[in-house]
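What follows is one structure encoded as structure tokens, with my remarks underneath.
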Amino acid sequence: MNRVSPARLATSLFTTSFATRPTVAASAPGRVNLIGEHTDYNGGPVLPVALNRRTAIAARAAARWAFVSTTDDGVHHLDIEAPMRQAWTDYLVGVVRELRVLRAAPPGAEMAVASNLPIGAGLSSSAALTVAAAKALSLLAGKRLSPAALAEVAFRAEYHQVGVRCGRMDQTIAAHGQRGLAILFETAAGTLQPVPLPGRLWIMETGVSHRLTGGALNDRRRECEEALAFCREWRPGLGYLAQLTLDDLPEVERRLPPPLVPRVRHVVTETVRTRRAAQALAAADLATLGRLLVEGHESLQRDYESTVPEADLLVASALDHGAYGARLTGAGWGGAVVVLAPPDREARIVAEVGSDFHKRYRRMPATWNTRASRGVRRETIPG
Ligand code: GLA
């Protein structure tokens, strides 16, 4: 990983590309979700953590919309009115459109984007981009939006403009993340409860990249909506799948078409696991937390069918070598595994897991650790 901070990189890229200095800079983190997968769009709880890796944007008001990024060459132009291009720049267009609704967009801007987050690794590089862009551009417009407002702009950009049927977890943690704390986000009630996370989490990337737009996430969401419609035939007024309890599962099995049953089972059992996990973390009971992570992974494997063999191998190997627990994090179908291990043995454990992975796939999984970090922030422009 490049050791230079994303804010510094974005600033120097801006200066060399536009031959002037940016007037604002902002950054937002990616996220690792400890547990609570595919519950956020079903009214359930999630327990995400803001990563120590971020995306930064340096910007200056201008008469046009232009941007540069460290991931490709040249100055690109954005047409905010034109149809989406099915490219990552759609996320920036989406943010501008949503800021305009709030009268919080500048007339135009030049922007430079830099990030040390892996892209397509299930670590919310898109939410880091949209939340950082919402912050930088609203500052240019002279508006100070709250973290909640920034998260909503970013969510609407992704959901309504880009068309990814995501929930609100990623944008919420990118905006509200706090150093040393995981956040229990009850998505139906909208409440955020900080839970201390003193140690480090390890991230092991499968190297299998996922594409969310129009893909498997949208399919699963459709299945959940169909399942909810079936459930409402016997439970009129049911708001979300996550309101069902374990006791409702036999009835779900009797009434729903067989392919939908495991999807509902995952949501209901994951909701229970996530609340227990938050309690275990609050009690510093890492052994229990680890067990819940593994049960969560097994549920993704068996019931939600969102894992890949590379992730299954990483999880099984982490357990073999003495981790408390591990699971696939984020949407899935690729992405990364989060490993929770005893602090005195964690480096050795992930090294052994890496070597098991190498034996099978002939490549090393990118492996790094993170502490819980801060959400979106304005950056002082480095000199
Ligand atoms: C993606 C979505 C989130 C959430 C996860 C699965 O990251 O953006 O809203 O649904 O998948 O838990």
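Order of appearance sets the numbers: ligands from 1, and atoms from 1 within every ligand. Sequential numbering from 1 along the given sequence is applied to the chain's residues.
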Query raised in the report: Stepwise, does the side chain to side chain donor-acceptor pair (under 3.5 Å) test hold for E186 with T191?
Result: CA-CA 5 Å; E186 286 285 353; T191 55; 5.9 Å; no
Report task. Please say whether the positively charged group of R220, taken as NZ for Lys or CZ for Arg, lies over the ring of Y304, i.e. under 6.0 angstrom from the six-membered ring centre and within 45 degrees of the axis. Result ->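 Yes - R220 lies over the ring of Y304, closer than 6.0 Å to its centre and within 45° of its axis.
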Query raised in the report: Below 4.0 Å from any atom of ligand 1, is there a heavy atom belonging to R31?
Result: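 Right, R31 reaches ligand 1.
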Query raised in the report: Can you name the one residue among E295, E37, E298 that meets salt bridge (Lys or Arg N to Asp or Glu O under 4.0 Å) with R327?
Result: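 It is E37, the one option of E295, E37, E298 that forms the salt bridge (Lys or Arg N to Asp or Glu O under 4.0 Å) with R327.
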Report, in ascending order of atom number, the atoms of ligand 1 lying under 4.0 Å from any heavy atom of [X].
| X | result |
| --- | --- |
| M169 | 4 (C), 5 (C), 12 (O) |
| E37 | 6 (C), 12 (O) |
| Y41 | 10 (O) |

So is [X] polar-close to ligand 1, meaning N/O to N/O under 3.5 Å?
| X | answer |
| --- | --- |
| L217 | no |
| R168 | no |
| N33 | no |

Query raised in the report: Between the side chain of S5 and the main-chain N/O of R8, is any donor-acceptor distance below 3.5 Å?
Result: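 Such a contact is found between S5 side chain and R8 backbone.
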Query raised in the report: Is the count of non-hydrogen atoms from other residues, nucleotides or ligands lying under 6.0 Å from R97 atom CZ greater than 12?
Result: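 Count over threshold, so yes.
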Query raised in the report: Is the CZ atom of R179 crowded by more than 12 outside heavy atoms at less than 6.0 Å?
Result: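 Open: at most 12 neighbouring heavy atoms sit under 6.0 Å from CZ of R179.
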Report task. Could you name the option among D170, T187, T39, L300 that has the heavy atom nearest to atom 8 (O) of ligand 1? Result ->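 Shortest heavy-atom distance from atom 8 (O) of ligand 1: D170.
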